[in-house]
Each structure stands twice: as C-alpha cells, then as structure tokens.
Undergrad: 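Sharing a structure below in structure tokens format, with a few things to ask.
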Number of protein chains: 2
Amino acid sequence: MKKEIDNKLNLKNIKPTAMRQLVLQVLTEQKTAISLPELEQKFEKADKATLYRTLKSFQENKLIHSIEDGSGSLRYALCQDNCECDPEDLHVHFLCTNCNQTFCLNDIPVPTINLPSSFSFESVNMVVKGICSNCKK
Amino acid sequence: MKKEIDNKLNLKNIKPTAMRQLVLQVLTEQKTAISLPELEQKFEKADKATLYRTLKSFQENKLIHSIEDGSGSLRYALCQDNCECDPEDLHVHFLCTNCNQTFCLNDIPVPTINLPSSFSFESVNMVVKGICSNCKK
DNA sequence: AAGTTGATGCAACCGGGTTGCAAAGTTATT
DNA sequence: AATAACTTTGCAACCCGGTTGCATCAACTT
Ligand SMILES: [Mn+2]
Ligand SMILES: [Mn+2]
Ligand SMILES: [Zn+2]
Ligand SMILES: [Zn+2]
C-alpha cells in the first residue's frame, strides 16, 4: 500500500512528504474526480493552501489532470499510467446532474474537430452532462 | 436599430426596459462571447446585480446561451434565430489562449458520444482551445 | 553546527457570482 | 385620478473557489 503510493510519487519525481502521501491515498481511493473543497473535507484538519499546492504540483508532474466540468469548481483525477497529458490522452468527462459527481470516461477519446482553417488547435475540453449509472436505477 | 432590438425582446417575451435594450445592444455588436465582468466594463456606471439578472432573464427566455469556457467566468452569446437551446442547437466553442476571446462555432455541431449504456445524456459542453484567426497572423 | 532549500500553516486577499431589501418604475383596478 | 399590485433597479452585503505573502518548520548540504 504505502510502497505503491511512494512508488507513484517517485516515478513522477515528486518528493513523498506525509501530506502528499495522504492526498495521493485519497485520490487513489476516489472513484470520481474531486475538487479542492471536497478534498479539504476529507481531512479533519487540513490547510487549503497546502492542499492547493499539493494538487498543483501533482498536476505539474502529470500525476493528475484537472477537469473543468462546470460544477463551479475544478475537479482533479489521477492520470492513467501511460498518460503524458498530451492531446491524445484527452478523454471525455461526464458530470451527473443528480449526484454532481464527475467521471473520467477514459476509454472515450474526445472526437477530432475540423476547425476553420484560420484557427489552430491546442487542446479541448468535453464534458457530457446527464444521469450516471448509480443514479439511474 | 432600436426597432430591431425591441423586436427581438418582444419575440422572446422579454419586457423591453431601457437596461435590457442597452444590454442587448452590446450583445448584438459583440462578435465574441462576453462575461458578466466584461459586460460591466462596457458601461460607465452599471450595477452588477442588474446586469446579472438581465443576463439571467435573457438566458431563461433563450435569447442568449452561456458558455463554460474555463476562462474563469461564464460567457454569454446571442442564440441563433432558430435556437431553442435544445441538444441539437449545441455547437462547439473556441477559446483563444492568446487574446482570451471565446467564439461560437455555430456551424460546428458537437459530435455525438456513445456513452456507456448505464449513462444517460442531457447536454454537452465542448470547448476547443488554441489560437484564433485574429491572433494567428 | 550552520546554511540552504523546499514544504507547510495561517491569514489575508481577489474575483465571479448571488441574494436581501428598499426605492423607483410600471401596470392594473377602482 | 388615486390606489393598489407587481416588476425592475440599485446598493450593499455575502458566499465560495482560488491564490498569494510570509513566517515557520523539516530535510538535506556543506
Ligand atoms: Mn479524466
Ligand atoms: Mn455559442
Ligand atoms: Zn449520479
Ligand atoms: Zn485570439
């Protein structure tokens, strides 16, 4: 367990501090994307700024990616093992309008768009909204 | 000019007050989507709350649509004439990473996604980021 | 041991969005 | 025309997510 966590951090060149181990632990257990305020609530006593900077460094080192799901706060989720956060790693996200949870649809790549020739492409954000499998039943 | 503005408001069942005429005027002249703070700056002395409620009523009456472009603030743009803000009216948006302006790509519909069968579709937000035609040259 | 670097905690701040409430304006009723 | 009912506006205050400055603390280097 602990070994796994430290491994992941080391692989991404992130010094494994206690805080970072804890945050990565939460992110690993988490099945849906999580926001900074939500992450804050997972700890009894945690500093927003520290968590903020933890997430930031995780993202800079491509351990997690952020999702603008329109829920009012940025959400974060672990990257796939092979992920380099390049355009080809982009996938569709799903926001449930009932439970307000955001899912990575890792095996659904974002479709290519034929932009007007005068526009050039850098990245793309695609969020589908609807009812998730948990809420559907 | 004035006639056109009032016509549009009437068509959408929005009482044409002075404020609403002015805001619609701005939105009509505007070639890219505009946020509430940006709209505020278009007027010398304008109240944020009034503008906020104006945009809200415009949106409720399907005169404008809002765009979550990840720029930090919601942006708004006029709907097409025939628009009912239904899924088939959804189009791709483009945020220029240089000038920070957001464009409606009205003739590029959002591609359909085959969701996992346990998820149901309601709507979708797709924003492409890159360099716009103005900034490219 | 002293110095250097990076991580943490606390507080304060910023900006977008939202609401309560009273004043002003509009429309309907008598 | 006067009154009442309803809508819109303006102001202030608030909420919340995100961000930063700064002092302190921990780990590592010399
Ligand atoms: Mn994802
Ligand atoms: Mn649009
Ligand atoms: Zn759900
Ligand atoms: Zn541009």
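First the proteins, then the strands, lettered A, B, ... as listed; each starts at 1.
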Undergrad: How long is the line joining CD1 of A/I14 and P of D/dA27, in whole Å?
TA: 19 Å
Undergrad: Indicate, with yes or no, if A/V127 and B/V128 share a hydrophobic cluster defined by side-chain heavy-atom contacts under 4.5 Å among Ile, Leu, Val, Met, Phe, Trp and Tyr.
TA: no
Undergrad: Over how many whole Å does the gap from A/N100 atom CG to D/dG17 atom C1' extend?
TA: 14 Å
Undergrad: In whole angstroms, how far is the P atom of C/dG16 from the CG atom of B/L39?
TA: 13 Å
Undergrad: Would A/E68 and B/K129 pass as an ion pair if we require N to O under 4.0 Å?
TA: yes
Undergrad: Among the clusters formed by ILVMFWY side chains lying less than 4.5 Å apart, do A/F119 and A/L90 turn up in the same one?
TA: yes
Undergrad: Each residue besides B/I131 in its hydrophobic cluster should be listed here, by chain and number; the cluster joins Ile, Leu, Val, Met, Phe, Trp and Tyr at side-chain heavy-atom distances under 4.5 Å.
TA: none
Undergrad: Shared ILVMFWY cluster between A/F103 and A/I67, side chains joined below 4.5 angstrom?
TA: no
Undergrad: Take atom CD1 of B/I34 and atom P of C/dG17, then tell me their distance rounded to the nearest Å.
TA: 12 Å
Undergrad: With heavy-atom distances below 4.5 Å as the criterion, would you say the side chains of A/H91 and A/C104 are in contact?
TA: yes
Undergrad: Given D/dT8, C/dA7, C/dG9, which nucleotide is nearest the side-chain atoms of A/D47?
TA: C/dG9
Undergrad: Can you tell me if the side-chain N/O atoms of B/T17 get under 4.0 Å from OP1 or OP2 in D/dT9?
TA: yes
Undergrad: Tell me the interatomic distance from B/E38, atom CD, to C/dG17, atom C1', rounded to whole angstroms.
TA: 15 Å
Undergrad: So, for A/D89 and A/N82, which heavy atoms are closest and what is the spacing to 0.1 Å?
TA: OD1-O, 4.5 Å
Undergrad: With the side chain of A/K15 defined as its heavy atoms from C-beta on, choose the nearest nucleotide among D/dC11, C/dT27, C/dA7.
TA: C/dA7
Undergrad: In whole angstrom, what separates B/L51's CG from D/dG10's P?
TA: 9 Å
Undergrad: Give one of base, sugar-phosphate or nothing for A/S73, where a contact means two heavy atoms less than 4.0 Å apart.
TA: sugar-phosphate
Undergrad: In this structure, how many angstroms lie between the P atom of D/dT7 and the CD atom of B/E60, rounded?
TA: 13 Å
Undergrad: In whole angstrom, what separates A/N13's CG from C/dA7's C1'?
TA: 17 Å
Undergrad: So which protein nitrogen or oxygen atoms get under 3.5 Å of nucleotides 18-22 of chain C's nitrogens or oxygens?
TA:
from, atom 1, to, atom 2, distance (Å)
C/dT18, OP2, B/Y52, OH, 2.8
C/dT18, O5', B/Y52, OH, 2.8
C/dG20, O6, B/R53, NH2, 3.3

